[in-house]
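By convention in this document, chain letters (A, B, ...) are assigned in the order of the sequence lines, proteins followed by strands, and residues within each chain are numbered from 1. In this text, all values refer to a predicted model and were calculated from it rather than measured experimentally.
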Amino acid sequence: MKPLSARLETVTSLFRTPPKQIGLPPGTLIHVGTREMEHPLLTRTDFSPSDYQQRSAASLADCLPPAPTDGVSWVHLEGLHDVTLVNELGNLAQLHALAQEDILNTHHQPKYEEYDDAILIILKLLTIDGDHLQIRDEQFCLALSSGRLVTFREQTGELFTMVHQRLAAKNAKFRERGADYLAYALMDTVFDSYYHVLETIGERLDLIEAELIDHPSRDLLQQIHQIRGQLSFVRKTVSPIHDLTRVLIHSESPLIEERTRLYLRDLHDHILHVLANLDSYRDTAKGLIELSLSSMSYRTNEVMQVLTVIAAIFIPLTFIAGVYGMNFAVMPELAWRFGYPFALLLMVACATGMLWYFKRKKWF
Amino acid sequence: MKPLSARLETVTSLFRTPPKQIGLPPGTLIHVGTREMEHPLLTRTDFSPSDYQQRSAASLADCLPPAPTDGVSWVHLEGLHDVTLVNELGNLAQLHALAQEDILNTHHQPKYEEYDDAILIILKLLTIDGDHLQIRDEQFCLALSSGRLVTFREQTGELFTMVHQRLAAKNAKFRERGADYLAYALMDTVFDSYYHVLETIGERLDLIEAELIDHPSRDLLQQIHQIRGQLSFVRKTVSPIHDLTRVLIHSESPLIEERTRLYLRDLHDHILHVLANLDSYRDTAKGLIELSLSSMSYRTNEVMQVLTVIAAIFIPLTFIAGVYGMNFAVMPELAWRFGYPFALLLMVACATGMLWYFKRKKWF
Amino acid sequence: MKPLSARLETVTSLFRTPPKQIGLPPGTLIHVGTREMEHPLLTRTDFSPSDYQQRSAASLADCLPPAPTDGVSWVHLEGLHDVTLVNELGNLAQLHALAQEDILNTHHQPKYEEYDDAILIILKLLTIDGDHLQIRDEQFCLALSSGRLVTFREQTGELFTMVHQRLAAKNAKFRERGADYLAYALMDTVFDSYYHVLETIGERLDLIEAELIDHPSRDLLQQIHQIRGQLSFVRKTVSPIHDLTRVLIHSESPLIEERTRLYLRDLHDHILHVLANLDSYRDTAKGLIELSLSSMSYRTNEVMQVLTVIAAIFIPLTFIAGVYGMNFAVMPELAWRFGYPFALLLMVACATGMLWYFKRKKWF
Amino acid sequence: MKPLSARLETVTSLFRTPPKQIGLPPGTLIHVGTREMEHPLLTRTDFSPSDYQQRSAASLADCLPPAPTDGVSWVHLEGLHDVTLVNELGNLAQLHALAQEDILNTHHQPKYEEYDDAILIILKLLTIDGDHLQIRDEQFCLALSSGRLVTFREQTGELFTMVHQRLAAKNAKFRERGADYLAYALMDTVFDSYYHVLETIGERLDLIEAELIDHPSRDLLQQIHQIRGQLSFVRKTVSPIHDLTRVLIHSESPLIEERTRLYLRDLHDHILHVLANLDSYRDTAKGLIELSLSSMSYRTNEVMQVLTVIAAIFIPLTFIAGVYGMNFAVMPELAWRFGYPFALLLMVACATGMLWYFKRKKWF
Amino acid sequence: MKPLSARLETVTSLFRTPPKQIGLPPGTLIHVGTREMEHPLLTRTDFSPSDYQQRSAASLADCLPPAPTDGVSWVHLEGLHDVTLVNELGNLAQLHALAQEDILNTHHQPKYEEYDDAILIILKLLTIDGDHLQIRDEQFCLALSSGRLVTFREQTGELFTMVHQRLAAKNAKFRERGADYLAYALMDTVFDSYYHVLETIGERLDLIEAELIDHPSRDLLQQIHQIRGQLSFVRKTVSPIHDLTRVLIHSESPLIEERTRLYLRDLHDHILHVLANLDSYRDTAKGLIELSLSSMSYRTNEVMQVLTVIAAIFIPLTFIAGVYGMNFAVMPELAWRFGYPFALLLMVACATGMLWYFKRKKWF
Ligand SMILES: [Mg+2]
Ligand SMILES: [Mg+2]
Ligand SMILES: [Mg+2]
Ligand SMILES: [Mg+2]
Ligand SMILES: [Mg+2]
Ligand SMILES: [Mg+2]
Ligand SMILES: [Mg+2]
Ligand SMILES: [Mg+2]
Ligand SMILES: [Mg+2]
Ligand SMILES: [Mg+2]
Ligand SMILES: [Mg+2]
Ligand SMILES: [Mg+2]
Ligand SMILES: [Mg+2]
Ligand SMILES: [Mg+2]
Ligand SMILES: [Mg+2]
Ligand SMILES: [Mg+2]
Ligand SMILES: [Mg+2]
Ligand SMILES: [Mg+2]
Ligand SMILES: [Mg+2]
Ligand SMILES: [Mg+2]
Ligand SMILES: [Mg+2]
Ligand SMILES: [Mg+2]
Ligand SMILES: [Mg+2]
Ligand SMILES: [Mg+2]
Ligand SMILES: [Mg+2]
Ligand SMILES: [Mg+2]
Ligand SMILES: [Mg+2]
Ligand SMILES: [Mg+2]
Ligand SMILES: [Mg+2]
Ligand SMILES: [Mg+2]
Ligand SMILES: [Mg+2]
């Protein structure tokens with residue numbers, strides 16, 4: 001187990017969300033968050049039952065033409081700092097200014113909102129650095145309108161490669177489905193990534209538990225504190241998605257086909273599973289702290305008792321020795337023939353009495 | 001009480017569920033979990049009011065023919081690692097690909113789902129090793145369609161022997177019921193096994209409580225930690241079943257006969273009972289830890305007070321003895337005739353003063 | 001306050017419910033629990049507005065004839081181990097086999113169930129041994145059908161004497177009511193007994209609180225642990241009754257007359273009151289433990305500080321005395337004329353310095 | 001801050017409610033509680049838009065005549081121990097025997113119940129003794145029927161003087177309202193008194209908090225324990241009223257006029273406010289205990305460390321001095337010329353080593 | 001980090017709300033709270049799609065004339081102590097006397113209430129002093145009636161400057177919206193200010209966490225106690241607003257236009273976000289206290305063990321030295337030739353034995 005650089009990151013910092021300026025008009029488009037890449041990256045993917053076309057590094061103009069007949073057009077933006085670009089894509093997806101504001105606020109909690117001609121879904125991608133156990137969230141938004149899906153994420157990455165492969169496959173059934181099924185497939189991929197985070201944390205927790213039972217230490221306690229903070233962060237991120245998928249399943253929007261509903265129920269299962277596991281880990285972490293503290297308590301007590309017994313026995317003996325080490329001119333015992341054995345016997349009697357008393361009190 | 005090999009298994013390991021590959025298409029059939037047996041084992045049981053036939057170690061082909069008229073065909077698979085076989089049986093049971101994916105994912109939480117022509121129920125079998133108190137869960141799925149029940153479990157075992165006996169009995173009323181009643185009977189058997197797990201844990205907890213009050217120790221604390229983890233694991237497994245049976249009772253599926261509903265209410269009672277007992281055990285375990293820690297606290301305090309009194313009394317006395325043990329050439333007291341008694345009196349006065357002070361402070 | 005024989009009974013044992021055999025057919029009639037009396041005792045009581053007849057130690061045959069016209073027949077069984085007898089009475093009360101199975105399982109949680117022609121209510125009688133504070137529950141079932149009430153309890157006792165007196169009274173209004181009102185009257189008596197249990201526990205808790213504040217001890221802590229377990233047990237027993245009475249009030253069964261509903265609302269009030277008091281006691285017990293532990297913490301700290309001050313002051317002084325007690329041939333100070341006063345001054349200076357330092361640190 | 005006579009009253013005693021006799025018929029009129037005054041006191045107040053008449057120390061006969069046309073008759077009883085009187089007034093108010101039983105049971109929790117021609121509201125008056133911080137509850141019942149309000153309280157007092165003044169005022173709008181508005185006005189006065197209790201507790205808590213931070217002590221801990229018990233008692237008393245007012249607002253009883261509803265909503269606001277403040281105080285009290293315990297923990301640790309450092313440094317030094325204080329005939333060092341400086345150097349080296357070790361461990 | 005003057009303000013004082021006089025008639029207009037400014041300040045702002053007019057320091061008479069046709073009149077009062085003025089403005093806004101009473105009670109919790117022709121919204125402004133981390137709430141009320149918005153706050157301030165600028169802007173779309181949209185814009189500004197408070201607390205918590213891990217101290221513990229109190233205060237203030245916005249979204253009042261609803265949903269998002277962050281901070285603060293206490297526990301244990309080992313080893317050695325320092329005339333060992341080496345060897349053996357025992361016990 002590599003050492004956890006606990007001091008690099010506080011739990012509090014995970015939860016801080018710097019505020020925007022007070023009093024801005026609603027729908028003011030401002031990028032809130034850190035700029036994660038140099039230039040935003042646009043990808044347009046068109047597919048229909050018979051066709052599949054992907055255009056990477058596309059321009060905005062490339063993305064504007066309508067979707068193919070009987071097909072779907074998927075526009076994917078990586079990098080959210082170019083406010084104008086997000087605005088243009090938001091308009092393309094028929095999103096209200098308030099929805100565009102939410103996409104640009106990368107601290108927005110997950111949410112689902114239906115507009116007249118569009119649906120906005122805000123999710124979070126979670127990544128974890130296995131060595132330092134640092135966790136990061138990234139905003140991921142899906143804007144679903146008729147025949148078109150526009151997606152926005154903060155960073156670039158390989159996450160959706162398999163979705164592209166499945167779309168590009170010969171005779172892919174996938175291409176017969178609508179934009180809602182594509183949105184489902186992307187969400188499914190996002191949720192799969194939560195399992196990876198969970199397992200990374202679980203693996204570390206397992207190592208800590210094994211270590212804690214044998215060699216408890218302050219450093220391990222700090223690691224559990226860190227992990228509790230992270231579990232709490234993941235829970236904060238995932239729990240609003242539970243409501244989101246539930247509402248999605250029962251949505252009556254025409255943008256969601258009846259045959260997709262079964263898949264959305266499967267998504268909901270995933271979230272339930274993630275939440276159940278999070279709770280189990282949280283309870284375990286709490287139990288570990290309690291175990292470790294009570295072990296320590298027991299141990300301190302054992303140590304105390306030995307100290308007490310030794311000290312309590314020898315302190316009076318040493319006192320007796322001290323008495324007969326005094327230099328008074330007149331000390332009759334000193335002159336006795338059996339003074340020394342008498343003193344030793346006195347000590348033995350004293351020690352035996354103490355031991356008997358302690359035994360009776362069951363102190364050792 | 002045999003020693004609990006606490007170190008063999010961490011609580012965390014109970015909850016870990018290794019993730020699948022990210023981004024797989026929905027309905028991808030992959031076995032997730034450990035392969036529990038060499039070869040999968042198929043059993044087909046057909047019954048009708050007048051007839052009962054069981055074919056063990058059946059081939060897939062044996063299982064495909066339809067159920068007897070006015071009767072039920074029950075196909076039971078033990079061993080889930082043969083993906084093709086599970087797929088064929090899933091198709092036989094008219095299950096959607098997503099449902100088949102869930103059956104193969106042996107970490108799936110308990111769930112109930114209605115499809116057009118089928119019902120899928122996922123449960124967990126729980127077994128406990130009484131000596132080492134190791135708990136294991138096993139996936140058990142029931143796929144109910146018209147006149148047919150297909151069941152899947154990970155391992156082989158004797159669990160359902162009595163169900164077979166009841167079916168085979170002469171003039172058995174059981175054979176007049178449908179596949180839904182058979183599903184009920186199997187679920188009832190599964191739930192009965194939860195009581196066994198609960199009682200095994202309860203027995204151990206009882207022993208620990210009796211021991212803890214008389215001889216608290218770190219090892220007992222660790223055992224309670226283990227038991228809390230297991231109670232938490234059983235709760236995680238059983239609590240989704242509470243919803244499952246509630247939904248089942250109110251299901252309007254034609255696959256569930258009206259006359260079966262009374263039996264399903266009885267099932268629901270069982271789960272309520274198990275959950276109530278789990279909560280009681282959990283509270284008791286928590287109370288035991290608190291009791292043990294506070295007992296220890298009291299004891300440490302008692303010990304501390306004795307040490308303090310002894311040390312506080314003898315330390316000044318020893319100091320006095322030390323003073324008169326110094327070897328200065330000019331120390332008038334040493335030459336006094338009653339110097340020695342004077343020193344002893346000084347010590348007695350000093351000790352009496354301390355004792356009076358401690359008595360007044362009610363320290364012993 | 002008589003000493004609580006805490007070791008006679010663990011909290012865990014209160015909650016243990018040994019499981020039945022796995023896989024029995026539903027409705028298998030088996031007595032689960034301990035046999036509480038030698039022979040079961042049957043009592044048949046018939047009443048109508050104008051008549052009252054009670055036959056104690058009745059035979060089964062005595063109980064079978066129908067109720068008087070315009071009247072009610074109440075059959076009361078004490079002792080549940082005779083399975084055949086329970087079965088016959090269950091049939092008389094038109095109970096389903098599953099209901100009869102529940103009556104015989106004396107660990108069944110309280111429940112309310114409506115069948116086509118009958119209503120089954122399972123309750124628990126609670127008794128408490130005031131001296132040893134041992135609590136016991138006993139199953140009590142009411143089976144209500146048209147014009148007839150059959151009741152089952154595990155033991156014999158005087159509990160319902162007053163109900164019989166009220167029925168037997170001249171011109172009793174009671175005899176004009178139906179079987180549902182009789183069931184109400186019995187339930188009311190059962191609930192009254194909960195108050196007795198609660199008050200016995202409350203009285204003990206009150207004594208413990210008064211004692212704990214003045215003379216905290218490990219034994220008191222163990223008694224509170226015991227009481228928490230018992231409060232938790234009573235809560236587990238009573239809380240399902242809260243739902244039971246709520247459902248009963250809103251029942252649309254023809255077996256429950258409209259004019260009885262007001263009385264059922266009164267029953268519901270009782271249960272609410274019992275639950276509120278249980279929660280108060282539970283909070284109080286928790287608060288007492290916290291208070292006692294924190295008092296102990298404060299006290300340990302006080303003791304520690306005195307030990308520290310005494311030890312810290314005398315340890316250096318004793319060291320100085322030790323130095324001048326060494327027997328080196330060449331030790332100039334020993335020969336000084338004012339060597340002894342010098343050493344004493346050194347000691348006084350050292351002690352004064354320490355005291356000043358401790359005062360400044362506010363340690364005493 | 002006057003000293004809190006904590007020992008006068010246990011928290012448990014606040015919650016104890018001695019049980020009635022088991023098995024009494026429903027509607028048996030028995031006074032449960034303590035007799036608070038010598039003779040019950042009856043007051044009849046009649047008012048109509050044009051008139052106001054109050055008759056103090058009225059007889060029962062004074063109270064029976066009907067209300068003035070277009071007006072309201074308010075009968076107020078102080079003292080509940082005269083069962084016959086309560087029964088007569090209960091009949092006057094058209095209350096069911098069960099309702100009358102509840103009025104006489106002064107431990108009844110707050111409740112709202114609608115009968116055919118009457119509404120019964122049970123509330124609690126709370127009074128607090130600011131010096132000893134003793135809290136008392138008193139039963140207060142309102143029975144509302146057409147044109148008449150009958151109220152019952154356990155003690156006598158000035159609480160409703162202002163209501164009488166407002167009714168008696170010239171051209172008072174109040175007299176144009178019905179009995180329901182009068183009931184509202186009395187409830188509003190009762191709720192106002194809760195604020196007084198809350199503020200008395202809050203004031204004490206504020207003093208304790210300020211004191212605790214500077215001079216933590218066991219006595220303060222006991223005071224907080226007392227206050228937690230009282231907050232818990234007030235919560236138990238007030239929280240059922242939250243439901244009560246909610247149900248009252250939505251009542252469809254003809255006894256409650258539409259124009260009164262707005263006032264009832266204001267009542268509900270008051271209860272919400274009281275509950276929110278109770279929760280804040282409870283959290284604060286809990287936080288104070290935690291703060292005080294953790295402060296104490298820190299302090300004990302500081303003290304421990306000083307003791308350890310001093311003891312650990314001097315114990316070896318004293319040992320060295322002891323060695324060279326031994327009286328063996330042959331001890332070469334004693335005869336060395338620089339034996340004494342050698343011993344002193346040895347001690348300095350030893351002490352320096354320890355100090356360096358402790359510094360490195362950051363123990364001081 | 002500037003030192004937190006923790007003693008200036010207790011947590012309790014945050015929650016205290018001095019009560020009004022008992023028994024006042026409902027709707028009695030009394031200012032409850034502190035007078036925050038010398039003279040109340042009135043501002044009237046009229047706008048319509050084509051026009052914008054603002055009159056600062058207006059008189060009451062200035063405010064009475066109706067709103068411009070197709071426009072909105074916004075009257076804003078700063079300073080609530082002038083009861084007559086609030087009464088006049090309340091009447092202008094068509095508010096019931098009870099509503100006016102609520103506006104004047106500056107301790108009122110946030111609430112939403114619909115009257116026949118008006119809506120009353122009570123909110124709280126929160127401000128925080130970043131240096132001393134003192135938090136203050138201020139009442140802010142909005143009374144919405146047809147074409148008119150009257151707002152009341154306790155103090156004066158710059159908070160709504162940007163709203164005025166947006167209204168005054170050339171061709172502002174804002175001026176085309178109604179009074180409901182203006183109310184929304186003000187509420188949005190209020191909620192933005194909560195983020196500022198949250199971030200100030202978060203920043204401090206972050207600093208404390210970093211400090212606590214390296215240098216735990218009692219002062220830091222007290223700061224966390226302070227922060228927990230403040231988080232609890234902010235939660236108490238914000239959580240009723242969660243219900244408020246939810247009810248507002250679903251309101252069917254004609255005073256709220258359909259096209260405003262989307263904006264209200266955005267408001268609701270803000271409150272959800274604030275509450276989620278509050279909970280995260282609260283958990284973190286709790287975790288920090290636990291971490292700090294358990295670190296301290298570990299450390300005390302380490303220190304204890306060193307003390308025990310040193311003391312336990314040297315105490316017997318010192319005793320041996322004491323024995324051979326006694327002055328008995330007859331002590332054979334003293335005369336032995338190898339008496340001194342023998343004594344030293346005895347000491348070494350004794351120390352080795354202890355060390356071996358402690359090693360085996362794993363105490364160091
Ligand atoms: Mg804004
Ligand atoms: Mg906004
Ligand atoms: Mg963030
Ligand atoms: Mg971000
Ligand atoms: Mg699935
Ligand atoms: Mg655990
Ligand atoms: Mg997947
Ligand atoms: Mg999936
Ligand atoms: Mg598993
Ligand atoms: Mg498995
Ligand atoms: Mg049953
Ligand atoms: Mg307990
Ligand atoms: Mg705990
Ligand atoms: Mg069974
Ligand atoms: Mg059963
Ligand atoms: Mg039992
Ligand atoms: Mg029993
Ligand atoms: Mg009653
Ligand atoms: Mg308490
Ligand atoms: Mg009764
Ligand atoms: Mg009653
Ligand atoms: Mg009472
Ligand atoms: Mg009373
Ligand atoms: Mg109000
Ligand atoms: Mg607090
Ligand atoms: Mg008032
Ligand atoms: Mg009021
Ligand atoms: Mg305030
Ligand atoms: Mg204020
Ligand atoms: Mg938004
Ligand atoms: Mg945390």
Portion of A:Tyr181 that has a non-hydrogen atom of chain B nearer than 4.5 angstrom: side chain
Segment of B:Pro216 engaging chain A (4.5 angstrom heavy-atom cut-off): both
Chain B contact via A:Val163 - which portion, at a heavy-atom distance below 4.5 Å: neither
Under 4.5 Å from a heavy atom of chain A, the part of B:Ser292 involved: both
Part of B:Leu293 within contact of chain A (heavy atom distance under 4.5 Å): side chain
Chain B contact via A:Tyr324 - which portion, at a heavy-atom distance below 4.5 Å: side chain
Nearest atoms (heavy-atom pairs only) where B:Gly23 meets A:Asp192: N-OD2, 3.2 Å
Main-chain N/O of B:Thr12 paired to A:Glu209 side chain as donor or acceptor, under 3.5 Å: yes
Straight-line distance of A:Asp266 CG to B:Glu113 CD, nearest 0.5 Å: 7.5 Å
Aromatic contact, A:Tyr195 with B:His107 (centres under 6.0 Å): no
Side chain / backbone / both / neither for A:Tyr281 at chain B, heavy atoms under 4.5 Å: side chain
Test applied, side chain to side chain contact (heavy atoms under 4.5 Å, CB included); reference residue, A:Ser280; option that passes from B:Lys236, B:Arg16, B:Arg235: B:Lys236
